[in-house]
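This report concerns only the one structure given below.
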Amino acid sequence: MHNLGVLGAIGETMALLGLGLLWTCRVQALDWLRELLDIWRGEISGRDPRLSDPTYRRTKPRTPRGAIMLIGAVALVFIGQILFIIDLTF
């Protein structure tokens with residue numbers, strides 16, 4: 001890989017950092033994946049007991065635990081691979 005430049009090395013480092021974050025948060029990632037598959041299949045898990053209470057109203061949507069970190073990790077993986085491909089192409 002003699003064509004690998006600084007941009008490609010930075011891209012691969014970002015991708016590996018994203019994979020490391022995903023591995024660190026693998027429990028939350030599997031929970032998110034299970035919820036996503038339940039939604040796609042049309043099933044609702046109903047794990048939150050407050051959802052059955054009709055008087056319960058959230059003023060601010062709840063951000064699930066680890067959501068920001070998972071989004072950032074996936075973004076790092078994709079951006080890192082794009083930078084790697086750009087470096088090899090140009």
Side-chain angles (χ1 to χ4, degrees):
M1 305 244 343
H2 63 286
N3 292 336
L4 184 64
V6 175
L7 187 64
I10 291 171
E12 280 305 303
T13 304
M14 288 173 62
L16 289 174
L17 179 66
L19 287 174
L21 284 174
L22 283 174
W23 181 254
T24 303
C25 301
R26 62 186 175 270
V27 173
Q28 290 90 356
L30 290 175
D31 287 343
W32 273 80
L33 184 62
R34 185 177 324 132
E35 288 292 327
L36 178 68
L37 292 175
D38 286 347
I39 290 169
W40 276 351
R41 286 184 284 191
E43 301 171 7
I44 297 175
S45 63
R47 291 188 184 116
D48 191 0
R50 295 176 291 182
L51 291 177
S52 62
D53 185 10
T55 60
Y56 176 70
R57 300 278 184 246
R58 279 193 192 126
T59 58
K60 181 179 173 187
R62 178 178 55 94
T63 304
R65 200 173 128 209
I68 305 290
M69 189 178 297
L70 288 174
I71 291 169
V74 171
L76 279 173
V77 169
F78 283 119
I79 292 171
Q81 292 302 311
I82 289 171
L83 289 177
F84 179 71
I85 292 171
I86 288 173
D87 183 52
L88 291 179
T89 305
F90 298 109

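Computed from a predicted structure; not experimentally measured.
With hydrophobic clusters built from ILVMFWY side chains whose heavy atoms lie under 4.5 angstrom apart, Val6 shares a cluster with Ile86. Hydrophobic cluster membership is shared by Ile79 and Leu7, with clusters built from Ile, Leu, Val, Met, Phe, Trp and Tyr side chains linked at under 4.5 angstrom. Transitive grouping of hydrophobic side chains (ILVMFWY, heavy atoms separated by less than 4.5 Å) brings Phe78 and Leu70 into a common cluster.
Note that CD of Glu12 is 9.0 Å distant from CG of Leu19, once rounded to the nearest 0.5 Å.
The shortest non-hydrogen separation linking Leu83 to Gly11 is CB-CA, 3.8 Å. Scanning both residues, Leu76 and Met14, for their nearest heavy atoms gives CB-O, 3.6 Å. The two atoms that bring Val74 and Leu22 nearest to each other are CG2-CD2, 4.2 Å, heavy atoms only. Considering every non-hydrogen atom in both Asp87 and Gly5, the closest pair reads OD2-N, 2.6 Å.
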